[in-house]
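Note sheet for the following structure.
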Amino acid sequence: EAQVTQNPRYLITVTGKKLTVTCSQNMNHEYMSWYRQDPGLGLRQIYYSMNVEVTDKGDVPEGYKVSRKEKRNFPLILESPSPNQTSLYFCASSLMIGVSSGANVLTFGAGSRLTVL
Amino acid sequence: DQQVKQNSPSLSVQEGRISILNCDYTNSMFDYFLWYKKYPAEGPTFLISISSIKDKNEDGRFTVFLNKSAKHLSLHIVPSQPGDSAVYFCAAKLGGFKTIFGAGTRLFVKA
């Protein structure tokens with residue numbers, strides 16, 4: 001089954017304790033992205049990657065790091081989590097078709113709910 | 001500054017009637033508009049899209065209308081079913097691969 005898998009699904013942690021949320025896709029998609037969902041703000045992009053070793057900042061990158069060492073994996077790293085990073089996080093991926101990607105339909109993971117105390 | 005706005009946080013509709021979800025945008029450079037549906041404890045899933053050069057796209061019970069002069073799009077669901085109860089995100093693609101999402105509208109379809 002074609003899917004994006006995120007882990008963990010739920011996590012409660014404390015301020016300053018480093019954590020990693022993993023994301024893996026089995027569709028051979030070049031493009032991968034992380035979003036956070038907050039009430040009233042919708043989905044905001046944190047980081048994205050257009051291929052292995054190619055990553056760039058989205059709209060809200062502060063406090064986050066990513067890496068893309070393999071095509072299928074795109075982990076999100078919180079080096080020193082703070083309470084304002086309490087949120088619902090989604091990883092997504094899509095095919096890249098030429099320079100203009102058409103509608104660029106994203107396939108999302110099920111989400112990771114993070115609470116930072 | 002939100003470039004994609006969904007001003008109605010929630011909408012309640014009777015089963016069998018039409019659901020109309022609205023979305024406004026500010027950037028005339030968006031080249032595609034999409035709607036995603038999200039159920040609790042799941043990720044958003046793609047529903048329907050429309051190119052900026054079109055004014056209507058239909059897929060079964062779902063139709064999206066685009067009014068570029070008003071920078072407005074809407075999603076019509078006819079007839080609405082209880083299984084359509086979900087959060088609907090309007091999204092707009094800005095060339096390349098950047099997609100900007102609205103805040104979402106929660107649709108309740110009452111049986």
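Chain naming here is simple, since letters A, B, ... match the order of the sequence lines and numbering starts at 1 in each.
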Cluster link Leu43(A) to Val66(A), ILVMFWY, side chain under 4.5 Å: no
Within one Ile-Leu-Val-Met-Phe-Trp-Tyr cluster: Val4(A) and Tyr31(A), side-chain cutoff 4.5 Å: no
Under 4.5 Å from any heavy atom of chain B - which part of Tyr35(A): side chain
In one Ile/Leu/Val/Met/Phe/Trp/Tyr side-chain cluster, 4.5 Å: Val64(B), Tyr88(B): yes
Those residues of residues 35-50 of chain B, ordered by number, that approach chain A below 4.5 Å (heavy atom to heavy atom): Tyr36(B), Lys38(B), Ala41(B), Glu42(B), Gly43(B), Pro44(B), Phe46(B), Ser49(B)
Gap separating the CG atom of Leu34(B) from the CG atom of Leu106(A), nearest 0.5 angstrom: 8.0 Å
Residues Lys98(B) and Asp56(A) bridged, charged N to O under 4.0 Å: no
Linked, directly or transitively: Leu76(A) and Val116(A) (ILVMFWY side chains, under 4.5 Å): yes
Steps toward side chain to side chain contact (heavy atoms under 4.5 Å, CB included) verdict (Tyr32(B), Val105(A)): CA-CA 10 Å; Tyr32(B) 275 88; Val105(A) 174; over 6 Å; no
Sorted by number, residues from residues 100-111 of chain B in contact with chain A (heavy atoms, under 4.5 Å): Phe101(B), Gly102(B), Ala103(B)
More than 12 heavy atoms of other groups within 6.0 Å of Arg61(B) CZ: yes
Interface moiety of Arg113(A) toward chain B, non-hydrogen atoms closer than 4.5 Å: neither
Single-linkage hydrophobic cluster Leu75(B)~Val13(B), side-chain heavy atoms < 4.5 angstrom: yes
Engaged part of Gln37(A) at the chain B interface, taking heavy atoms whose separation is under 4.5 Å: side chain
Leu117(A) atom CG, neighbour heavy-atom count above 12 within 6.0 Å: yes
